[in-house]
Amino acid sequence: MDRTTPPHGATSAAARASSRASTSTSTSTSTSSRARSRTRRGTTRLSGATGLGLALAAVATVVWSGSFVAARALHDSVPPVQQAFWRWVVALLAVAPFAAREAWRQRALVRRHLGHVLLAALLGVTVYNTLVNQAGVSTSAGNMGMIMAASPVLMAVYERLGGVRLGARRVTGMLIACAGVVLLVGKGSLASTDFTAGDLWMIAAATCFASYSALLRRRPAELTGRTFLFTTFALGTAMLLPAFALSVMAEGPFTPTTATVGPLLYVGIASSAVAFFAWNKAISLIGAARAGTVYYLQPVCVAALSYALLGERTTWTQLLCMALILGGVVLGAAAKGR
């Protein structure tokens with residue numbers, strides 16, 4: 001036997017060792033490949049969730065923007081109180097299949113926190129939308145959207161009253177946004193007293209909404225979101241009944257037509273049910289802060305919708321006011337996040 005030729009046993013051992021090394025390398029490569037694949041899938045899912053969240057936030061913002069256009073479209077055919085009443089009747093019917101049973105199970109908790117729920121229903125359902133509808137009688141949908149965009153300023157005021165320090169940057173943002181609202185209401189002049197009644201009604205509505213939002217932050221933890229929503233819808237609609245009856249007696253009932261029923265169904269189903277669920281899902285996917293940045297596009301959406309559907313043109317003064325309001329609100333929000 002040639003001395004340079006290894007024994008058969010040694011050859012087999014070397015082959016087995018080589019095979020194990022190859023298998024180990026293959027296993028390691030396969031594991032690494034699976035890990036990379038899982039990372040890619042996780043990144044894809046995260047990216048998909050972020051995209052879906054932003055899309056849902058945009059849907060809610062556009063739908064809510066349409067409610068200002070609907071209020072303006074109905075201003076000469078459906079009295080404001082009747083608009084509000086029928087909106088919430090439709091909303092209540094739309095939400096009931098998803099929330100009525102849960103609200104019934106939590107009725108004892110609702111009774112325990114009835115004062116808080118009643119005040120939220122009064123501000124957020126009974127009064128707020130009635131004021132929005134009243135504003136739509138004498139001001140443009142664009143102005144309504146811009147004034148409403150300044151509501152975070154009023155929410156910040158409530159925070160300050162609650163002992164929260166706002167900081168110089170946030171206060172500066174608030175003052176800029178307020179200047180935009182005053183300029184808008186004053187038709188381009190900070191010193192004007194020639195106000196449109198609708199703009200003043202809308203400022204009252206924004207104040208009411210900010211108060212409602214402050215109450216939401218203190219919502220009793222035991223009450224689920226759906227129970228709170230359904231209960232405030234029901235109580236707010238009930239509190240509208242006396243005003244609705246007076247409106248019908250004084251102004252007569254509106255005539256149901258496609259032009260009146262369509263917008264009422266829109267604000268009842270889309271603005272009050274669909275947008276709410278879309279917004280909540282968006283927050284669960286991307287968080288309130290990121291979803292909130294999409295909401296700042298509302299005045300732009302209102303301006304576009306009012307132009308497309310009502311033929312309302314945006315003036316240079318309105319564009320300037322929009323820039324001031326949005327710039328101030330975004331500056332204040334950025335300072336809050338620091």
Side-chain angles (χ1 to χ4, degrees), residues 53 56-57 59-61 63-64 67 83-133 148 151-152 154-156 158-159 161-162 164 205-241 243-244 266-292 294-295 298:
L56 288 171
V59 167
T61 299
V63 169
W64 279 328
S67 65
Q83 280 187 54
F85 178 79
W86 289 114
R87 168 191 177 145
W88 292 112
V89 168
V90 172
L92 195 59
L93 294 174
V95 170
F98 308 100
R101 186 174 298 178
E102 189 173 304
W104 176 252
R105 287 198 299 266
Q106 292 197 309
R107 62 189 182 279
L109 288 173
V110 172
R111 283 197 298 270
R112 186 185 308 167
H113 302 288
L114 187 59
H116 184 97
V117 176
L118 271 172
L119 185 56
L122 176 67
L123 293 172
V125 175
T126 307
V127 179
Y128 166 66
N129 281 281
T130 304
L131 292 175
V132 170
N133 298 336
M148 195 61 208
S151 59
L154 298 167
M155 295 176 199
Y158 280 114
E159 288 185 19
L161 293 175
V164 176
T207 304
C208 192
F209 181 76
S211 304
Y212 169 74
S213 298
L215 280 177
L216 283 186
R217 295 189 178 189
R218 295 169 175 79
R219 176 172 64 86
E222 309 96 306
L223 288 177
T224 64
R226 283 184 295 187
T227 294
F228 189 79
L229 179 77
F230 179 79
T231 307
T232 52
F233 280 13
L235 292 174
T237 305
M239 285 187 282
L240 268 170
L241 263 173
F244 170 75
Y266 173 84
V267 295
I269 298 173
S271 294
S272 304
V274 175
F276 172 83
F277 287 113
W279 185 255
N280 275 6
K281 183 63 176 177
I283 290 176
S284 71
L285 290 172
I286 60 176
R290 186 177 287 184
V294 179
Y295 185 75
Q298 180 178 267

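- Take Leu56 and apply the side-chain contact (heavy atoms from CB on, under 4.5 Å) test, not counting sequence neighbours, and it matches Leu52, Ala278, Lys281, Ala282, Leu285.
- Met239 and Leu122 get closest at one heavy-atom pair: CE-N, 3.5 Å.
- A side-chain donor-acceptor contact under 3.5 Å links Arg107 to the backbone of Trp104.
- For residues 205-215, the set of pairs meeting the salt bridge (Lys or Arg N to Asp or Glu O under 4.0 Å) definition, not counting sequence neighbours, is empty.
- Closest of all the heavy-atom pairs between Phe230 and Ala100 is CZ-CB, 3.9 Å.
- A search for side-chain contact (heavy atoms from CB on, under 4.5 Å) contacts involving Ala238 returns nothing, not counting sequence neighbours.
- Between the side chain of Thr126 and the backbone N or O of Gly236 there is at least one donor-acceptor pair closer than 3.5 Å.
- Sequence neighbours left out, the pairs with a member in residues 93-104 that pass salt bridge (Lys or Arg N to Asp or Glu O under 4.0 Å) are Glu102-Arg226.
- Judged by distance alone, the side chain of Thr231 and the main-chain N or O of Phe228 form no donor-acceptor pair under 3.5 Å.
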Test side-chain contact (heavy atoms from CB on, under 4.5 Å) on Tyr212 and Leu119; report intermediate values, then the result. CA-CA 8 Å; Tyr212 169 74; Leu119 185 56; over 6 Å; no
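- Thr224 approaches Arg219 most closely through the heavy-atom pair C-NH1, 3.6 Å.
- Across Val127, Leu235, Thr130, a single residue satisfies side chain to side chain contact (heavy atoms under 4.5 Å, CB included) together with Leu240, and that is Thr130.
- In terms of the side chain to side chain donor-acceptor pair (under 3.5 Å) criterion, residue partners of Ser211 (sequence neighbours excluded) are, by chain and number, Tyr158.
- When all heavy atoms are compared, the tightest approach of Trp64 to Ala275 is NE1-CB, 3.5 Å.
- Applying the salt bridge (Lys or Arg N to Asp or Glu O under 4.0 Å) test to every pair with at least one member in residues 118-131, sequence neighbours left out, gives no pairs at all.
- With hydrogens and angles disregarded, no donor-acceptor distance shorter than 3.5 Å links the side chain of His116 to the backbone of Pro220.
- Taking each heavy atom of Ala273 and Val95 in turn, the nearest pair found is CB-CG2, 4.0 Å.
- For Ala270, the side-chain contact (heavy atoms from CB on, under 4.5 Å) partners are Val63, Tyr266, not counting sequence neighbours.
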For the pair Glu222 and Gln106, evaluate side-chain contact (heavy atoms from CB on, under 4.5 Å) and give the outcome as yes or no after the intermediate values. CA-CA 9 Å; Glu222 309 96 306; Gln106 292 197 309; 5.6 Å; no
Please list every donor-acceptor pair under 3.5 Å in which a side-chain atom of residues 85-92 meets a protein atom from a residue at least two apart or in another chain.
residue	atom	partner	partner atom	Å
Arg87	NE	Ser272	OG	3.0
Arg87	NH1	Asn129	OD1	2.7
Arg87	NH2	Ser272	OG	3.1
Trp88	NE1	Val125	O	3.3

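- Smallest separation of non-hydrogen atoms from Ala94 and Ile269: CB-CG1, 4.4 Å.
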